[in-house]
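Proteins get letters first, then strands, A, B, ... in listed order; numbering begins at 1 in each. Quick caveat: nothing in here was measured; it's all calculated off a predicted structure.
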Amino acid sequence: MTLDFLGTLQRTHTCGEPRSPQAGQAMTLMGWVNRRRDHGNLIFLDLRDRTGITQIVLDKEISPEAHAKAEVARPEYVVAATGVLRRRDEGLANPNMPTGEVELVAHTLLLLNDARTPPFSPAEEAIANEEVRLKYRYLDLRRAEMQQNFAIRSRVAIAIRNYLVSQGFLEIETPFMTRSTPEGARDYLVPSRVHPGHFYALPQSPQIFKQILMVSGFDRYFQIARCFRDEDLRADRQPEFTQIDLEISFPQMATIFAVVEGFLRAAFSAAGVELGAEPFLRMTYDQAIQRYGIDKPDMRLPAMVDLSAELTAELRTTLKIDPALPVLGFTIPSVGELSGTARKALLGEIRSGFGDCGLDMLDVSRLRTNPSLTPLAEAIEARLSAEMHRFNGSAHGTEDLAVVITPKPGTPTMWNYDPQWIYKRVGGLRLELARKFADRHKLFQQTRSAADFKFLWVTDFPMYEWNEETKSWDAAHHPFTSPHEEDIQSGALVNDKGAVRALAYDVVLNGTELGSGSIRIHRKDVQQEIFRSLGMSDEEAKERFGFFLDALEYGTPPHGGIALGLDRIVMILAGAASLREVIAFPKTAKAIDLMVDAPTTVSDQQLRELSLRVTARS
RNA sequence: GGGGACGUAGCUCAGUUGGUUAGAGCGCUGCCCUGUCACGGCAGAGGUCGCGGGUUCGAGCCCCGUCGUCCCCGCCA
């Protein structure tokens, strides 16, 4: 087969464009052969580009040459078809295609390139396994679904840029090759050739640079920034990812919230979802833990209810419940009536899921079989009903699954240092059961209306976290986060670290953390105080962050900011289950790029230039 | 580092209690077909059952190990 040269031929329309009003026009379409239907002397080619598909007709009587080319054309060949657009006759139109009322009758067909038989067809709805998709990523990306995902991604990014620029932000790039700060996630390192034994690090975030840009007077900075973290992957975690990173001088928290809500509205609008003007809900960290058992509550479900007040000391003794610890209940709506065996199986599953951690499930319906416990059952139902009513205006009914978790007498030792443990554990069960019954309650379905997207600000995170292993206090956020001013004035910074609240906040969507930010420390004395409180000596602080402490001394304005994961936003908007669906060339769970086959070993020559030696290969 | 699921034709998958020559659909190749659009018809090719070892008269199936992909825990200030 001989391929044709393009010559001076130009594409006049895209494959998604042709419509019946253009019938009679001469046009040239170029694209990939999506499907070929050969009827002997009549051949149909579906020609595809990223805008859509148009049917090309090759009639031997009209053009034997073009027809002959179509006979050898195969799926994924790249062709150019020139001819006249024709309105299809009655009964020949295809109502399932946007271009289905017309077809291009070709008098010339150029075979611009051939293609090997692909391992899977980009035309098929059914998807090959992910290993094959990632190896042949260029074919996978041809699929309409992936083309749509990246169209959304591009539109979202541009909408955010436009919005932030309209609000007076400057986009400024910060370095990829920077300094390793051995705190937090592991760094990806880049060896220096010029300085043997010295390494750059790829940024985990532009954190320190953007704060220094505030010192530099840039006032409002943003960047759609690539970040790198050498940690194990998850469906929603890739080693390199993109953040919408911003920082503002002279802000209140509300200033930052308004900017973020503004650009998220713009981003969602760009993806066809109008969010409405009301501000996002807000909740403190303590409320989130107590009501949802997690710092990123999924508001698409009712909250947990603290039933402790209903359980008197007497009832606790009867039911073998710890006298002091909280009793928590929650409802999974619209699960449907469970049969006796199904209920028993679920109970067994939940109990075995707790292992030996001292929790048990109270079967509320069985309480009613004992007259002396009926009032308790009714009280519990009433409390759960009240939460259901707050949630969606309905009452708790028999269609809903009521779960009440009780701590057994005797406190497991792990609770001694984490009083929130029981809340977190029950909150985890709430999500687990909600996922299990997602098909029944349908609260996780996306209809692309604003109601499907439950945004939330979580505020007042604790400043410090007790590290049981090292018996010391760690920074819960990062050490540049400012505590509440009154917690500095009260002396809690020194006397009561566990009570110090940070001016830190997360923006949460449907149980996913979209972004995290804080008001920063702008005074050197406070910054030094925080470093000391973390057990870092002044010398050590100077060694690690000296350049930053220096910068703080030259007139640093109050400032704060936030960073949101662009990939996660697009993932949710695309209805995708994994970041790999919205990152063009992602890594596998073992951080491998299957298409280019990275990482690889390098030559001894390269290692010598970098003064490196590999001591162990496993 | 730990737990779980999966791995059979290019792709998606079936394969009974361990028993003759490992199957299906799609795709692919050839031939036929002027109104299909998941075109149709006829014929055909295509397999190291992920890899290595073991048990057995006999292994796709059982056992051990190993590799790969996915999900989760740890980790991700």
Can you confirm whether or not the ring centre of A:F228 sits under 6.0 Å from the ring centre of A:F241?
no
Does the gap between the ring centers of A:F480 and A:F545 come in under 6.0 Å?
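When the ring centroids of A:F480 and A:F545 are compared, they turn out to be within the sub-6.0 Å range.
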Provide the distance between the two [atom1] atoms, one in [N] and one in [M], to the nearest whole Å.
N      : M      : atom1 : answer
B:rA22 : B:rG15 : C1'   : 8 Å
B:rG50 : B:rA59 : P     : 15 Å
B:rA45 : B:rG2  : C1'   : 47 Å
B:rU20 : B:rG7  : C1'   : 27 Å

Using a heavy-atom cut-off of under 4.0 Å over every strand shown, decide if [X] touches base, sugar-phosphate, or nothing.
X      : value
A:R37  : base
A:E90  : nothing
A:A504 : nothing
A:Q55  : base
A:R86  : base
A:A476 : sugar-phosphate

A:R35 bridged to A:D46 by N-O distance under 4.0 Å:
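Salt bridge absent between A:R35 and A:D46.
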Taking the basic N atoms (NZ, or NE/NH1/NH2) and the acidic carboxylate oxygens, is any pair closer than 4.0 Å for A:R544 and A:E540?
yes
What about [X], does its side chain sit under 3.5 Å from the base of [N] through a donor-acceptor pair?
X      : N      : value
A:R580 : B:rC70 : no
A:D232 : B:rG74 : yes
A:R229 : B:rC76 : no
A:E130 : B:rG68 : no

Listed nucleotide nearest any side-chain atom of [X], set [options]:
X      : options                : result
A:V132 : B:rC11, B:rC71, B:rG74 : B:rC11
A:N94  : B:rC37, B:rC71, B:rC70 : B:rC37
A:R186 : B:rC75, B:rU12, B:rU69 : B:rC75
A:R88  : B:rU36, B:rC76, B:rC72 : B:rU36

Nearest heavy-atom approach of A:S180 to A:D187 is OG-OD2, 2.6 Å
So which heavy atom on A:L552 is nearest to which on A:I521, and how close?
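What the structure gives for the nearest pair is CD2-O, 4.1 Å.
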Write down the partner of [N] under the Watson-Crick or G-U wobble criteria, each distance required to be under 3.5 Å.
N      : value
B:rG35 : none
B:rA24 : B:rU12
B:rU56 : none
B:rG7  : B:rC67
B:rG46 : none

Distance alone, cut at 3.5 Å: any donor-acceptor contact between the side chains of [X] and [Y]?
X      : Y      : result
A:D49  : A:T14  : no
A:Y505 : A:D460 : no
A:Q223 : A:T174 : yes

B/S/- contact track for nucleotides 26-34 of chain B, protein heavy atom under 4.0 Å
--SSS--BB
Does the protein touch nucleotides 42-47 of chain B at the base, only the backbone, or not at all? Give it as B, S and - per nucleotide, heavy atoms under 4.0 Å.
------
Reading RNA chain B from 5' onward, which residue's closest nucleotide shows up sooner: A:R234 or A:S578?
A:S578
Could you give the CD1-to-P distance, from A:I43 to B:rC39, as a whole number of Å?
14 Å
Look at A:N129 and B:rU12 and indicate whether a side-chain polar atom (N or O) is within less than 4.0 Å of OP1 or OP2.
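Looking at the OP1 and OP2 atoms of B:rU12, one of them is under 4.0 Å from a side-chain N or O of A:N129.
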For the residue pair A:E130 and A:R580, establish whether any side-chain heavy-atom pair is separated by less than 4.5 Å.
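Yes, at least one pair of side-chain atoms sits under 4.5 Å.
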Between A:Q207 and A:R520, is the side chain to side chain contact (heavy atoms under 4.5 Å, CB included) condition met? List the steps.
CA-CA 10 Å; A:Q207 184 61 34; A:R520 325 296 183 188; 3.4 Å; yes
Check whether the aromatic ring of A:F44 stacks on the base of B:rU36, taking stacking as ring centres less than 5.5 Å apart and planes within 30° of each other.
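One would call A:F44 stacked on the B:rU36 base.
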